Number of protein chains: 2
Amino acid sequence: MKNEKLAIRMAGEISLAENPGVVIKKWRDIFNISQKELSRKLQVSPSVISDYESGRRKSPGTKFVSRIVTSLLVVDEGRGGKVIKEYGKLMEGTKFFEAILAIKEFAEPRKIKEIIRVSESEFLVGEKNLDNAVYGYTVVDSVKAILELSPLELSMIYGSTTQRALFFTRVKRGRSPLLAIKLTSLRPSLVVLHGIEGSPDPLALELAKRERLPLAFSHVDTVENLVSKLRELD
Amino acid sequence: MKNEKLAIRMAGEISLAENPGVVIKKWRDIFNISQKELSRKLQVSPSVISDYESGRRKSPGTKFVSRIVTSLLVVDEGRGGKVIKEYGKLMEGTKFFEAILAIKEFAEPRKIKEIIRVSESEFLVGEKNLDNAVYGYTVVDSVKAILELSPLELSMIYGSTTQRALFFTRVKRGRSPLLAIKLTSLRPSLVVLHGIEGSPDPLALELAKRERLPLAFSHVDTVENLVSKLRELD
DNA sequence: TAAAGGTTACGTCATTTGACGTTTGTGAAG
DNA sequence: CTTCACAAACGTCAAATGACGTAACCTTTA
């Protein structure tokens with residue numbers, strides 16, 4: 001969907017509220033849509049909306065919440081999307097969240113070779129640092145990260161600790177990820193590429209050598225499996 | 001709550017998913033919590049969790065979603081908050097969202113005097129520009145905005161259009177809001193203060209004069225009423 | 001003062017949820 | 001080869017949802 005972030009925010013607020021009806025009303029007011037119009041879109045009678053907002057029904061199911069949120073967004077869209085546009089602007093800051101597939105800080109530091117083992121990876125550059133400490137890892141979708149994020153956001157992806165492993169998935173040949181690392185002056189203690197088609201890019205290798213970055217690529221078949229294998233650590 | 005943003009995201013994702021159980025499992029996996037442990041925290045039998053994750057029950061109520069999300073967060077907190085910390089970092093970008101109480105772009109431009117009328121305001125500075133055009137408004141909680149946001153975030157609050165009205169609520173005497181405007185070089189076409197206790201700060205008036213900013217203060221009793229009066233515009 | 005539009009309040013009823021306990025798979029760890 | 005822990009699969013049942021329709025209740029506005 002297009003307004004996913006706003007939708008998630010709305011649905012989340014409604015679900016966490018100790019009185020969901022109040023929050024439903026709040027959003028309906030923001031969108032300036034009457035109970036009647038909303039109910040028409042939802043294909044239910046207006047009293048249903050009222051029952052929720054007034055608190056007779058206290059815990060709408062996710063299906064219902066989802067329908068309400070979607071209806072509000074759809075109606076607004078039909079009116080030119082005024083509300084969506086305004087809020088959309090404000091939600092752009094959360095974009096980079098989507099590029100992050102997994103992130104974790106270890107209780108105990110791990111050695112690079114452990115990360116390599118568990119992620120079924122093979123070294124490309126820098127095999128000397130096998131025992132260096134790694135304090136956590138971040139797995140990013142490199143396509144989303146590189147295409148959609150600003151350099152500032154890119155650097156935010158990377159946690160505060162510097163000694164971390166950085167996994168890039170959906171990598172073609174490894175050029176852009178290494179370039180991105182150079183440009184954002186990130187200093188991960190290990191970079192792992194996943195999903196390489198064919199042979200790694202020579203420039204990528206050269207960059208890794210110059211920056212003295214240990215570089216590896218993972219043989220795990222799918223991104224999901226990579227993530228779940230990593231999760232086993234700690 | 002402390003991890004509100006993460007909680008909202010989780011609850012929102014679960015609620016919007018066309019199969020909520022899958023998303024519940026996803027988050028349970030991320031937090032590395034077994035069905036059993038989660039069920040203990042939730043005070044239900046483990047099969048309940050399983051029933052959801054496996055899809056037998058398809059649309060959990062908001063109460064249940066809320067309990068699950070909270071339990072996951074609480075368990076993680078008890079373990080030192082590893083996951084929360086990582087994700088928390090990533091959610092900080094959404095902080096400024098909370099400082100915004102209302103925001104809107106008009107279909108047709110309005111005149112300053114209309115904004116003044118509908119918001120029941122009185123001029124402090126700059127009564128000459130009554131007919132200037134205003135293309136939208138933003139209402140911010142000045143305490144949150146000034147205490148919690150960086151200058152960059154502060155300037156993001158302000159929409160893309162420059163000719164907008166900027167409302168500050170929970171204002172003490174108006175000094176900080178005007179200072180913030182000066183420091184972020186915002187150029188609203190109208191600034192309205194709400195909730196002033198006693199007389200406006202002389203420095204605020206001076207700043208407004210120097211910057212040639214039309215400045216007013218609103219008499220509306222509550223923030224809610226101010227927002228709903230503004231919503232009538234358009 | 002009616003009429004209109006929006007909202008609340010009920011009464012009713014089929015379908016689901018929320019919950020239990022027990023049983024049946026399924027890997028890892030001994 | 002067994003155990004153990006985890007998760008899936010049922011069967012069951014009271015309580016709540018999801019839904020309807022109608023009547024009552026406020027504000028505007030004609």
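Here is how names work: the chains are called A, B, and so on, in the same order as the sequence lines, proteins then strands, and each is numbered from 1. Keep in mind that this is a model prediction, so the values were computed, not measured.
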Of the nucleotides dG11(D), dT17(D), dT8(C), which has the atom closest to the Ser50(A) side chain? dT8(C)

Among dT7(C), dC20(C), dA19(D), the nucleotide that comes nearest once only the side chain of Arg67(A) is considered: dA19(D)

For [X], which contact category applies under a 4.0 Å heavy-atom criterion: base, sugar-phosphate, or nothing?
X: Ser54(B); value: sugar-phosphate
X: Lys63(B); value: nothing
X: Pro60(B); value: sugar-phosphate
X: Ser59(B); value: sugar-phosphate
X: Ser34(A); value: sugar-phosphate

List the atom of Lys104(B), the atom of Asn32(A), and the distance in Å for their closest heavy-atom pair. NZ-ND2, 4.1 Å

Quick one: closest heavy-atom pair of Tyr87(B) and Ala102(A), and the distance? OH-CA, 4.5 Å

Measure from [atom1] on [X] to [atom2] on [N] and round the result to the nearest Å.
X: Gln43(B); N: dA19(C); atom1: CD; atom2: P; answer: 10 Å
X: Asp51(B); N: dC13(D); atom1: CG; atom2: C1'; answer: 14 Å
X: Arg57(A); N: dC10(C); atom1: CZ; atom2: C1'; answer: 11 Å
X: Ile24(B); N: dT17(C); atom1: CD1; atom2: P; answer: 12 Å
X: Glu37(A); N: dT7(C); atom1: CD; atom2: P; answer: 10 Å
X: Lys58(B); N: dA9(D); atom1: NZ; atom2: C1'; answer: 14 Å
X: Lys26(B); N: dA7(D); atom1: NZ; atom2: C1'; answer: 21 Å
X: Glu232(B); N: dT29(D); atom1: CD; atom2: P; answer: 10 Å

For a quick test of reading the model: is some side-chain N or O of Gln35(A) closer than 4.0 Å to OP1 or OP2 of dT8(C)? yes

Are the side chain of His194(B) and the backbone N or O of Val220(B) linked by a donor-acceptor pair below 3.5 Å? yes

Could you check whether any side-chain N or O of Ser39(B) sits under 3.5 Å from a backbone N or O of Gln35(B), counting only pairs where one atom can act as donor and the other as acceptor? yes

Assuming nearest nucleotide by heavy-atom distance, tell me which of Ser45(B) and Glu53(A) is located more 5' along DNA chain C. Glu53(A)

Pairwise 5' ranking along DNA chain D for Ile49(B) and Arg56(B), keeping only the more 5' one: Ile49(B)

Residue that, paired with Pro214(A), satisfies side chain to side chain contact (heavy atoms under 4.5 Å, CB included) out of Asn132(A), Leu124(A), Asn129(A): Asn129(A)

